[in-house]
Amino acid sequence: QVQLVESGGGLVQAGGSLRLSCAASGRTFSSYTMGWFRQAPGKEREFVAAISWGGNTYFANSVKGRFTIARDNAKNTVYLQMNSLNPEDTAVYYCAAQRSGVPRRVGEYDAWGQGTQVTVSS
């Protein structure tokens with residue numbers, strides 16, 4: 001079972017940028033689809049972005065054009081670059097690993113990190 005640890009969250013002003021990182025343990029990182037999800041207070045966890053083992057990327061419409069996702073298999077790390085942040089992006093961001101399934105579906109991931117808080121002030 002892969003274990004995931006997120007980092008890089010924090011407080012940023014609207015229009016600013018943050019880069020989240022997710023470090024994974026285990027030798028099979030490169031075979032997983034890696035996803036980022038977020039959960040705001042009182043809301044359900046929602047899909048943000050994902051990158052397959054082959055490098056295909058997927059984005060929620062709300063972040064398309066502002067966020068990018070990348071992976072470094074040599075470092076067992078996946079990144080979420082977030083630009084042009086706005087207060088609606090405020091949430092706890094979670095990294096997740098998927099052996100197989102639909103990348104956008106929260107219920108089809110096998111492992112989750114503990115989350116990192118992102119707060120965007122107006």
Side-chain angles (χ1 to χ4, degrees):
Q1 180 82 354
V2 64
Q3 294 184 326
L4 307 171
V5 178
E6 303 98 333
S7 61
L11 174 63
V12 64
Q13 289 188 334
S17 298
L18 280 176
R19 188 178 80 157
L20 305 183
S21 299
C22 173
S25 64
R27 300 178 180 177
T28 58
F29 172 80
S30 61
S31 66
Y32 284 87
T33 288
M34 299 300 297
W36 286 97
F37 292 78
R38 65 187 181 187
Q39 188 166 18
K43 294 188 176 181
E44 294 185 351
R45 192 169 299 189
E46 65 175 5
F47 170 76
V48 176
I51 184 166
S52 73
W53 60 268
N56 294 323
T57 58
Y58 311 83
F59 296 96
N61 288 336
S62 59
V63 306
K64 200 172 294 184
R66 300 188 297 123
F67 291 12
T68 59
I69 188 171
R71 66 190 299 160
D72 185 338
N73 289 334
K75 296 183 178 180
N76 278 14
T77 302
V78 61
Y79 305 97
L80 184 69
Q81 178 67 43
M82 306 185 295
N83 300 326
S84 301
L85 285 162
N86 58 63
E88 290 70 37
D89 295 314
T90 296
V92 177
Y93 283 70
Y94 296 90
C95 172
Q98 181 188 70
R99 291 180 181 270
S100 64
V102 178
R104 296 176 185 272
R105 293 181 182 170
V106 63
E108 296 190 10
Y109 280 76
D110 304 289
W112 292 84
Q114 82 288 350
T116 186
Q117 177 70 47
V118 171
T119 302
V120 184
S121 63
S122 57

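Under the side chain to side chain contact (heavy atoms under 4.5 Å, CB included) criterion, Ser30 pairs with Asn73, sequence neighbours left out. Listed by chain and residue number, Gln81 satisfy the side chain to side chain contact (heavy atoms under 4.5 Å, CB included) test with Thr68 (two or more places apart in sequence, or in another chain). Residues passing the side chain to side chain contact (heavy atoms under 4.5 Å, CB included) test with Asn56, sequence neighbours excluded: Ser52, Tyr58. Listed by chain and residue number, Asp89 satisfy the salt bridge (charged side-chain N to carboxylate O under 4.0 Å, His left out) test with Arg66 (two or more places apart in sequence, or in another chain). Checked against salt bridge (charged side-chain N to carboxylate O under 4.0 Å, His left out), Arg105 has the following partners two or more places apart in sequence or in another chain: Glu108. Listed by chain and number, the residues in a side-chain hydrogen bond (donor to acceptor under 3.5 Å, both in side chains) with Thr119 are Gln117 (sequence neighbours excluded).
Looking at heavy atoms from C-beta onward, Ile51 lies in side-chain contact with Val78 at the 4.5 angstrom threshold. Using a 4.5 Å heavy-atom cutoff, the side chains of Phe37 and Tyr109 are in contact.
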Please evaluate residues Phe67 and Val48 with respect to the criterion side chain to side chain contact (heavy atoms under 4.5 Å, CB included), reporting the C-alpha separation (whole Å), side-chain torsions for both, the decisive distance (0.1 Å), and the verdict. CA-CA 9 Å; Phe67 291 12; Val48 176; 3.7 Å; yes
Let me see the working for Val106 and Tyr94 under side chain to side chain contact (heavy atoms under 4.5 Å, CB included), right down to the final yes or no. CA-CA 11 Å; Val106 63; Tyr94 296 90; over 6 Å; no
Is there a side chain to side chain contact (heavy atoms under 4.5 Å, CB included) between Thr77 and Arg71 once you walk through the steps? CA-CA 6 Å; Thr77 302; Arg71 66 190 299 160; over 6 Å; no
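When all heavy atoms are compared, the tightest approach of Gly101 to Pro103 is O-CD, 3.5 Å. When all heavy atoms of Val2 and Ala97 are compared, the pair lying nearest together is CG1-CB, 3.6 Å. In this structure, Ile69 and Trp36 approach most closely via the heavy-atom pair CD1-CD1, 3.6 Å. Closest approach of Leu4 and Cys95 over heavy atoms only: CD1-O, 3.7 Å.
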Side-chain donor-acceptor pairs under 3.5 Å in residues 12-24, sequence neighbours left out?
residue	atom	partner	partner atom	Å
Ser17	OG	Asn83	OD1	2.9

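The backbone N or O of Ala50 lies less than 3.5 Å from no partner atom in the side chain of Arg104, so there is not a single donor-acceptor pair. Side-chain atoms of Thr90 do not come within 3.5 Å of backbone N or O of Glu88 as any donor-acceptor pair.
Remark: Gln3 CD is loosely packed, at most 12 non-hydrogen atoms of other residues, nucleotides or ligands lying under 6.0 Å away. Under a cut-off of 6.0 angstrom, the local environment of CH2 in Trp53 is sparse, with at most 12 non-hydrogen atoms contributed by other residues, nucleotides or ligands.
Here OH of Tyr79 is found 9.0 Å from OG of Ser7. Values are rounded to the nearest 0.5 Å. Taking CG of Leu85 as the start and OG of Ser121 as the end, the distance is 10.5 Å to the nearest 0.5 Å. How far CG of Leu80 is from CD of Glu6: 11.0 Å, rounded to the nearest 0.5 Å.
Legend: salt bridge (Lys or Arg N to Asp or Glu O under 4.0 Å) pairs involving residues 113-122, not counting sequence neighbours: none detected. The salt bridge (Lys or Arg N to Asp or Glu O under 4.0 Å) contacts involving residues 7-17 comprise nothing, where partners must be two or more places apart or lie in separate chains. Listed by first and then second residue, the disulfide bond (SG atoms under 2.5 Å apart) pairs that reach into residues 26-85 come to none, sequence neighbours excluded. Applying the side-chain hydrogen bond (donor to acceptor under 3.5 Å, both in side chains) definition to pairs two or more places apart or across chains, those involving residues 42-51 are Arg38-Glu46, Gln39-Arg45. The stretch residues 33-63 participates, sequence neighbours left out, in no disulfide bond (SG atoms under 2.5 Å apart) pair at all.
A side-chain donor from one of Arg99 and Tyr32 sits under 3.5 Å from a side-chain acceptor of the other.
In the hydrophobic cluster analysis, where Ile, Leu, Val, Met, Phe, Trp and Tyr join through side-chain heavy atoms closer than 4.5 angstrom, Met34 is grouped together with Tyr93.
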